Amino acid sequence: MLTERISDALREATAALGVHDARFRLDRPRETGHGDLATNVAMALASRLRRPPREIAQELKNRLGGIDGVERIEIAGPGFLNFFLGAAAVGDAVHRVLAAAGDFGRNDDGQGRSVMVEFVSANPTGPLHLGHGRQAALGDAIARLLAWSGWRVHREFYFNDAGGQILRLARSVRARYQQLLGHDEPVPEDGYQGEYVLEIAAGLLDRFGRGFEHDLSAGALEEMRQLAVRILRAGQEEDLAAFNVHFDEYYPETRLYSEGRVKETIRALDGTGLTYRKDGAAWLRTSRFGDQKDRVMVKSDGSPTYFLPDVAYHMTKWERGFQHVINVQGSDHHSTVDRVRAGLQALDRPPGYPEYVLHQMVTVERGGQEVRFSKRAGSYTTLAELVAEVGADVARYFFLMRRPEAHLAFDLDLALDQSDRNPVYKVQYAHARLCRLFKLAGDRGWDAGPEALADADTELLADPVEREVVKQLAEFPGFLRRAATGRAPHLICDYLEKTAGLVNSWYQSGHPTRDPALSTLVADPALRTARMALAGAARTVLKNGLAVLGINAPDRMVRDVAGSP
RNA sequence: GCGCCCGUAGCUCAGCUGGAUAGAGCAUCGGCCUUCUAAGCCGAGGGUCCCAGGUUCGAGUCCUGGCGGGCGUGCCA
């Protein structure tokens, strides 16, 4: 590839100046007047060589000589070397995209290694809320990015199916159940008030009839717990399926106990000599590993804190062969990061294990005001309600378009807008529009199949707008790699929006009222085929980019005409 | 108090290992449907990159100290 040839030539030239480990950038400048590629290498070397950057640039330029595909090199500004490429070299990128097709953008950074992405991990105490939605979109997109980068990805969902919260849920169900039988038993103060608790109680009545009337036994409560967990898990599963998110494995906390892993972990931690007793509780010296203070493992009442199963759980991840683990969590859990890592370090796992992606919370705004439109959950907006309102594609894109660590204000007005203001539709429509070109070409009997496009003379793509589109397409693999290594799907959103904008601009430039000579489907077969090749490459990139985000790329857009005359 | 995150255009936000005149969308204003093409395009205005120092050829980006906001700081999860 041309960028690599230029990089190599630059390395060779800097070596001749005595610098063998030069670090520099070679990328597309913002201004087209600054060429197709630019490097800062002369400035980067200036202090080491104790010479003015422009002088170094001149010498490098002299040493570079001819590079196939480079038309000319200019020295500009403080000492940039700007490369201007020939049309053939630019056009080559179109063929690279077409040849790779559905795989364009992939890399092999992962080299087939395994990585686990744990996300959502909602407890079965109610329907999924918007924070879970952001996490579902984020975790799934990160998983997809890693899969595109050569990793073997395992998606895992952990849930706490025992513990205090579940007990409160079971008691709430019991109260609702007794209420359905006409008894006056109030939902506990610390119980769950949402409407869905009533639905579970109704399910209980359905299944067991009056079997638990006045039954306050532990056995009855356990029955209720199990049923509640099953129903709520199934409900969450429905919500996730509607959101197009699927997991490879579900790990219940109770399994850590039933398989003796919690006890095993206590034993292992005791064996390190880093535990001690104080105030009737068992503590671990997590402060030895950077935690702010030591943590309780086993409470004075003999029960473990959540810290212990957390450590046990992460040990299973390691033992199951995952030396690379990414946990996606809300930033309200950030205090667990240091302590879990400390617990794992005590057991000789490496310091940064596991990796965390923490995201800020989500609010929904309509007309600039925060809204909560939940009917079922009472206190919060559910993911299912949002997806029903705006659709899975829009919801996903909106959850992904901000950096995880930034607060997300979900603009419902914009999400519901089916016009050009909505970035999701803008990208999808650009894709659909290109598909339309292929259909029209087919209708006219023009060959725009893969073989015809492979023979296209892309050197004919000489218009500045066309060149811009081509160069933008060529940047997709770089964006994908950056998004994957940075766990930053929002970069793909930015990229897609920019790409769709350029594609639309190109497409529109041939509008009959502007310059029909720039139309894609011109009479000249060679030019037409070259432009169809560009259309095909752009369609591929938009489709692949949306796929990485888990968003559909429709061949045609169906306009929802509700409200139109 | 301490820890983590955030502070960039009227609004929502991008900005790669520090690079050229800080970008996008929305909003505002002006223009373009005789069509392969308007869920679109062309153009205009809009900035104390929170503040103050520092590092250097060069800082929105790195360092120090403030200010403002969010989250956490539990033998809750």
Side-chain angles (χ1 to χ4, degrees), chain A residues 23-25 27 29-31 33-34 38-40 43-44 46-47 52-53 76-80 82 123 125 160 163-166 253 278-283 292-293 295-301 303-307 310 330-338 358-361 365 368 401-411 413-414 417-426 428-430 432-433 436-437 439-441 443-444 478-479 481-482 485-486 488 490-491 493-495 497-498 500-501 503-514 516 519-522 528 557 559-560:
Chain A
R23 288 165 59 84
F24 57 87
R25 292 176 56 161
D27 42 26
R30 234 189 333 262
E31 301 267 341
H34 293 150
T39 181
N40 64 343
M43 283 110 78
S47 63
F80 286 98
N82 294 336
N123 287 342
T125 54
N160 182 335
Q165 285 191 23
I166 303 293
E253 188 191 14
K278 193 180 89 181
D279 306 329
W283 298 68
Q292 279 192 264
K293 48 177 278 198
R295 304 293 172 179
V296 172
M297 309 188 305
V298 184
K299 302 184 220 170
S300 49
D301 68 2
S303 64
T305 61
Y306 63 91
F307 164 69
D310 269 358
S331 65
D332 54 334
H333 286 71
H334 77 73
S335 63
T336 67
V337 174
D338 283 346
L358 301 178
H359 66 85
Q360 292 287 330
M361 292 299 142
E365 291 178 6
M401 69 184 179
R402 305 295 176 224
R403 289 144 68 225
E405 58 268 29
H407 172 84
L408 180 70
F410 198 109
D411 184 342
D413 297 315
L414 187 59
D417 197 317
Q418 295 193 13
S419 80
D420 58 299
R421 306 190 325 153
N422 190 326
V424 191
Y425 292 128
K426 175 177 177 174
Q428 286 184 328
Y429 194 77
R433 170 176 290 151
R436 172 85 180 145
L437 277 182
K439 184 177 181 307
L440 286 163
D443 290 349
R444 294 175 189 195
F479 270 87
R481 171 175 268 132
R482 267 174 52 208
T485 55
H490 73 278
L491 295 178
C493 294
D494 287 349
Y495 173 81
E497 232 181 301
K498 171 111 184 271
V503 164
N504 287 337
S505 188
W506 168 60
Y507 186 77
Q508 205 63 226
S509 66
H511 191 280
T513 60
R514 294 185 63 204
S519 296
T520 307
L521 301 178
V522 286
R528 185 175 69 231
M557 299 293 280
R559 191 177 206 154
D560 177 6

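Quantities reported herein were computed from a predicted structural model and do not represent experimental measurements. Residue numbers begin at 1 in each chain, while the letters A, B, ... track the order of the sequences. Reckoned from all heavy atoms, side chains included, excluding hydrogens, waters and symmetry mates.
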Practice problem: Could you tell me whether the phosphate oxygens of B:G15, OP1 or OP2, come under 4.0 Å of any side-chain nitrogen or oxygen in A:R403? | Solution: yes
Quiz item: When rounded to the nearest Å, what value does the distance between P atoms of B:G3 and B:U64 take?
Solution: 12 Å
Self-check item: Who pairs with B:A27 - Watson-Crick or G-U, where each distance is under 3.5 Å
Solution: none
Quiz item: For A:A38, which contact category applies under a 4.0 Å heavy-atom criterion: base, sugar-phosphate, or nothing?
Solution: base
Quiz item: What is the nucleic acid contact for A:A441, judged by heavy atoms within less than 4.0 Å: base, sugar-phosphate only, or nothing?
Solution: nothing
Practice problem: Measure the CE-CG distance between A:M401 and A:D411 for me, rounded to the nearest 0.5 Å. | Solution: 7.5 Å
Exercise. Looking only at non-hydrogen atoms, find the nearest pair between A:I166 and A:T125 and report the distance.
Key: CD1-CG2, 3.7 Å
Practice problem: Quote, to the nearest angstrom, the C1' distance that separates B:C41 from B:C51. | Solution: 42 Å
Quiz prompt | Whole-Å distance separating the NE2 atom of A:H407 from the P atom of B:U12 | solution = 10 Å
Quiz prompt | C1' spacing across the pair B:A59 / B:U48, given as an integer number of angstrom | solution = 16 Å
Quiz item: Counting side-chain heavy atoms from CB outward, which of B:U17, B:G72, B:A38 is closest to A:R23?
Solution: B:U17
Practice problem: Can you figure out which of B:C41, B:A39, B:A77 approaches the side chain of A:Q508 most closely? | Solution: B:C41
Practice problem: Please tell me which of the listed nucleotides, B:A14, B:U12, B:A38, lies nearest to the side chain of A:R402? | Solution: B:U12
Quiz prompt | Phosphate OP1/OP2 of B:A20: any A:R30 side-chain N/O under 4.0 Å | solution = yes
Quiz item: Hey, which of these two, A:R514 or A:D301, hits RNA chain B nearer its 5' end, going by closest nucleotide?
Solution: A:R514
Practice problem: Tell me whether the guanidinium CZ or amine NZ of A:R433 lies under 6.0 angstrom from the six-membered ring centre of A:Y429 and within 45° of its axis. | Solution: no
Quiz item: Which part of the nucleic acid, if any, lies within contact of A:A44, taking any heavy atom under 4.0 Å across all strands shown: a base, the sugar-phosphate backbone alone, or nothing?
Solution: base
Quiz item: With sugar-phosphate meaning primed atoms plus P, OP1 and OP2, does A:D411 contact a base, only sugar-phosphate, or nothing at under 4.0 Å between heavy atoms?
Solution: nothing
Quiz item: Of the candidate nucleotides B:A77, B:U17, B:C75, which contains the atom at the shortest distance from the side chain of A:A281?
Solution: B:C75
Exercise. Report which part of the nucleic acid A:R433 touches: base, sugar-phosphate, or nothing (heavy-atom distance under 4.0 Å, all strands).
Key: sugar-phosphate
Quiz item: What is the nucleic acid contact for A:L358, judged by heavy atoms within less than 4.0 Å: base, sugar-phosphate only, or nothing?
Solution: nothing
Quiz item: Where each residue is assigned the nucleotide of RNA chain B containing its nearest heavy atom, which of A:Y425 and A:E497 is assigned the position nearer the 5′ end?
Solution: A:E497
Exercise. Report the nucleotide, chosen from B:C6, B:A20, B:A39, that has the shortest atom-to-atom distance to any side-chain atom of A:E405.
Key: B:C6
Exercise. Write down the distance separating the P atoms in B:G1 and B:G53, rounded off to the nearest Å.
Key: 25 Å
Quiz prompt | Side chain of A:W283 - closest among B:C75, B:C42, B:A77 | solution = B:C75
Practice problem: Could you check whether A:D310 gets within reach of a base, just the sugar-phosphate, or nothing at all, counting any heavy atom under 4.0 Å? | Solution: nothing
Practice problem: Please determine if a side-chain N or O atom of A:S303 lies less than 4.0 Å away from the OP1 or OP2 oxygen of B:C75. | Solution: no
Quiz item: Just checking A:T520: base, sugar-phosphate only, or nothing, at a heavy-atom cut-off of under 4.0 Å?
Solution: base
Quiz item: Roughly how far apart are A:M557 CE and A:Q428 CD, rounded to 0.5 Å?
Solution: 4.5 Å
Self-check item: Nucleotide of B:C16, B:G19, B:C71 approaching A:D27 most closely (side-chain heavy atoms)
Solution: B:C16
Practice problem: Ignoring backbone atoms, establish whether A:K293 has a side-chain N or O less than 4.0 Å from OP1 or OP2 of B:C75. | Solution: yes
Practice problem: Please indicate yes or no: is the ring centre of A:F80 less than 5.5 Å from the centre of the six-membered base ring of B:A20, with the two planes inclined by under 30 degrees? | Solution: yes
Quiz item: Which of the following nucleotides, B:G70, B:C57, B:A14, is nearest to the side chain of A:M43?
Solution: B:C57
Quiz prompt | Whole-Å C1' distance, B:G23 and B:C16 | solution = 14 Å
Quiz prompt | Residue pair A:D27 / A:R25: nearest heavy atoms and the distance that separates them | solution = OD2-NH2, 2.7 Å
Quiz item: Going by an N to O cut-off under 4.0 Å, is there a salt bridge joining A:D443 and A:K439?
Solution: yes
Quiz item: What heavy-atom pair brings A:Q508 and A:R514 nearest, and what distance separates the two atoms?
Solution: O-NH1, 3.5 Å
Practice problem: Remember a base hit wins even if backbone is also touched, and classify A:S300 as base, sugar-phosphate or nothing at under 4.0 Å, heavy atoms. | Solution: base
Practice problem: Please state whether the phosphate of B:A38, meaning OP1 or OP2, lies under 4.0 angstrom from any side-chain nitrogen or oxygen of A:Y507. | Solution: no
Quiz item: What is the nucleic acid contact for A:D279, judged by heavy atoms within less than 4.0 Å: base, sugar-phosphate only, or nothing?
Solution: base
Quiz item: Using centres under 5.5 Å plus planes under 30 degrees as the test, is A:H490 stacked with B:A14?
Solution: no
Self-check item: From B:A77, B:G25, B:C16, nucleotide with atom closest to A:K426 side chain
Solution: B:G25
Practice problem: Measure from the side-chain heavy atoms of A:H334 and tell me the nearest of B:A39, B:G19, B:G3. | Solution: B:G3
